[in-house]
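Convention: sequence-line order gives letters A, B, ...; per-chain numbering from 1.
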There are 2 protein chains.
Amino acid sequence: MALKNKTRYAILGILSIHSGTGYDIKKYCDTVISNFWNENFGHIYPVLNQLLEDGWIQTDESSSPRKKVYSITETGRQEFLRWLAEPAGYQPERSEFLLKFTFSSNLDKKAILRMLSDYRKMHCDRLDKYQLMQKDLQKGLKDVVPERELFLYAPLRLGILNTRAAIDWCDEIMMALEKSN
Amino acid sequence: MALKNKTRYAILGILSIHSGTGYDIKKYCDTVISNFWNENFGHIYPVLNQLLEDGWIQTDESSSPRKKVYSITETGRQEFLRWLAEPAGYQPERSEFLLKFTFSSNLDKKAILRMLSDYRKMHCDRLDKYQLMQKDLQKGLKDVVPERELFLYAPLRLGILNTRAAIDWCDEIMMALEKSN
DNA sequence: CTTTTCATGTAAGAAGTTACATGATTGC
DNA sequence: GCAATCATGTAACTTCTTACATGAAAAG
């Protein structure tokens with residue numbers, strides 16, 4: 001069976017909030033939802049053309065070849081709602097860090113502790129970033145309508161909880177490692 | 001710049017623990033490290049042939065065309081250690097669930113609560129599975145040498161912490177949603 | 001006037017999934 | 001004897017990333 005092209009729906013979702021250019025879409029990914037999503041130009045532009053051909057989006061009158069402003073069509077909105085309604089499907093996780101870690105049993109203790117403390121550091125930095133994003137959101141920066149606030153806050157909140165869990169995990173495992181043999 | 005073929009290193013890592021067939025490698029992925037890694041046959045077999053050509057792995061004498069037992073070579077082991085030493089590189093996260101969730105502000109409350117409770121259920125099931133895996137590990141099932149125990153336990157432990165965080169998050173957000181307007 | 005940001009795209013290739021095809025061996 | 005598991009692979013395809021190329025508009 002077909003693979004699901006998630007980029008189509010990500011773009012559709014973003015355009016369901018505001019109309020905008022490919023560039024705007026990229027920016028939205030890199031700021032508002034960077035926490036749990038990413039897209040790159042090499043993918044966005046071709047998919048925009050697909051969506052246009054399928055009639056799920058359209059170009060606004062204000063568009064020029066230099067700046068194409070897209071908006072979602074009625075068909076697109078219906079298609080998007082259909083997608084929203086289907087359950088999110090199993091996502092196999094892949095952690096390169098854990099892959100490295102699990103095969104590190106032969107390294108010396110110092111090297112493993114460094115791996116863990118680097119990983120911890122990365123998550124501390126990430127936590128700071130998320131907390132800043134959260135503050136920005138609470139201050140009502142960005143043009144967020146109140147009804148959407150929870151829907152932007154919640155994913156960030158999950159990011160924070162997971163990041164904290166990762167930091168705790170690092171502490172726990174570093175402790176266990178230091179005690180061992 | 002080259003993309004990193006992670007499958008190469010996953011296979012190399014598995015073969016650094018025990019020699020085995022492509023089928024064994026798949027099984028190892030589906031059981032021992034399924035928590036944070038996955039591979040499929042359509043990728044494993046071609047990559048095994050690449051690794052063989054590169055001289056990073058070899059076929060054992062016991063091999064037949066029907067059952068090829070691979071083991072890591074000295075070159076392969078060195079290459080693997082080199083890879084282990086480099087830091088794990090940024091991994092962009094992508095959560096289809098959060099993508100759906102963040103664009104759900106227009107759905108009615110009931111539908112959103114169902115999304116969340118489905119997601120919660122999924123994580124509860126996952127938690128059960130992880131806790132079973134943890135027990136199996138503690139009982140010393142599988143042929144785990146003591147030095148490797150922590151390196152199998154720890155990734156599972158992170159899985160458990162993250163899963164619990166997700167469950168807590170669902171409770172928190174469902175609560176917030178029920179209170180609102 | 002110079003740098004940064006805005007803006008659109010293509011080409012090449014890597015990475016990963018799914019479906020298909022085939023048959024031996026083991027356990028019941 | 002039959003079903004499940006073991007075992008290997010290919011073909012077609014989708015998805016995604018990286019690098020390259022170009023140039024307008026805004027900000028300093």
Problem set entry | Contact nearer the 5' end of DNA chain D, comparing Asn49(B) with His43(A) | Asn49(B)
Exercise. Could you state the CG-P distance from Asp60(B) to dA7(D), rounded to the nearest angstrom?
Worked result: 14 Å
For this session: Report yes if at least one side-chain N or O of Lys27(A) is closer than 4.0 Å to OP1 or OP2 of dC6(C); otherwise report no.
Result: yes
For this session: Using a cut-off of strictly less than 4.0 Å, decide whether Arg66(A) has a side-chain nitrogen or oxygen near OP1 or OP2 of dT22(D).
Result: no
Exercise. Atom CD of Glu39(B) and atom C1' of dG16(C): how far apart are they, to the nearest Å?
Worked result: 9 Å
For this session: Would you kindly give the CZ-to-P distance between Arg94(A) and dC16(D), to the nearest whole Å?
Result: 14 Å
Exercise. Looking only at side-chain N and O atoms, does Asn40(B) come under 4.0 Å of OP1 or OP2 in dA15(C)?
Worked result: no
Exercise. Contact class for Gly22(B) vs. all strands (heavy atom < 4.0 Å): base, sugar-phosphate, or nothing?
Worked result: sugar-phosphate
Problem set entry | Nucleotide dA15(C), atom C1' - distance to OH of Tyr9(B) in whole Å | 15 Å
For this session: Would you please confirm or rule out a distance under 4.0 Å between OP1 or OP2 of dT17(C) and any side-chain N or O of Asn38(B)?
Result: yes
Exercise. How many Å lie between CH2 on Trp37(A) and C1' on dT15(D), as a whole number?
Worked result: 12 Å
Exercise. Less than 4.0 Å between a side-chain N and a carboxylate O, is that true for Lys6(A) and Glu39(A)?
Worked result: no
Problem set entry | Nucleotide dG9(D), atom P - distance to CG of Leu51(B) in whole Å | 13 Å
Problem set entry | Short side-chain N/O contact from Thr21(B) to OP1 or OP2 of dC6(D), under 4.0 Å | no
For this session: May I ask you to decide whether Lys121(B) forms a salt bridge with Asp125(B), counting only side-chain N to carboxylate O separations under 4.0 Å?
Result: yes
For this session: May I ask you to verify if any side-chain N or O of Asn5(B) is less than 4.0 angstrom from the OP1 or OP2 atom of dA15(C)?
Result: yes
For this session: Ignoring backbone atoms, test whether Thr7(B) places a side-chain nitrogen or oxygen under 4.0 Å from the OP1 or OP2 oxygen of dA15(C).
Result: no
Problem set entry | Nucleotide nearest Tyr45(B) when distance is taken to its side chain, options dT10(C), dC16(D), dG9(D) | dG9(D)
Exercise. Considering all heavy atoms of both residues, which atom of Glu172(B) and which atom of Tyr153(A) are nearest to each other, and what is their separation?
Worked result: OE2-OH, 3.9 Å
Seminar exercise, completed: Of Pro92(B) and Lys68(B), the one whose nearest nucleotide on DNA chain D sits closer to the 5' end is Lys68(B)
Exercise. In whole angstroms, how far is the C1' atom of dA24(D) from the OH atom of Tyr23(A)?
Worked result: 12 Å
Problem set entry | Minimum-distance pair of heavy atoms, taken over all atoms of Thr73(A) and Gly55(A) | OG1-O, 2.6 Å
For this session: Rounded to the nearest 0.5 Å, what's the gap from CG on Leu150(B) to OG1 on Thr102(A)? Could you check?
Result: 9.5 Å
Problem set entry | Distance in angstrom units between Phe41(B) CZ and dG16(C) P, rounded | 17 Å
Exercise. Is the distance from OP1 or OP2 of dT8(D) to the nearest side-chain N or O of Lys67(B) less than 4.0 Å?
Worked result: no
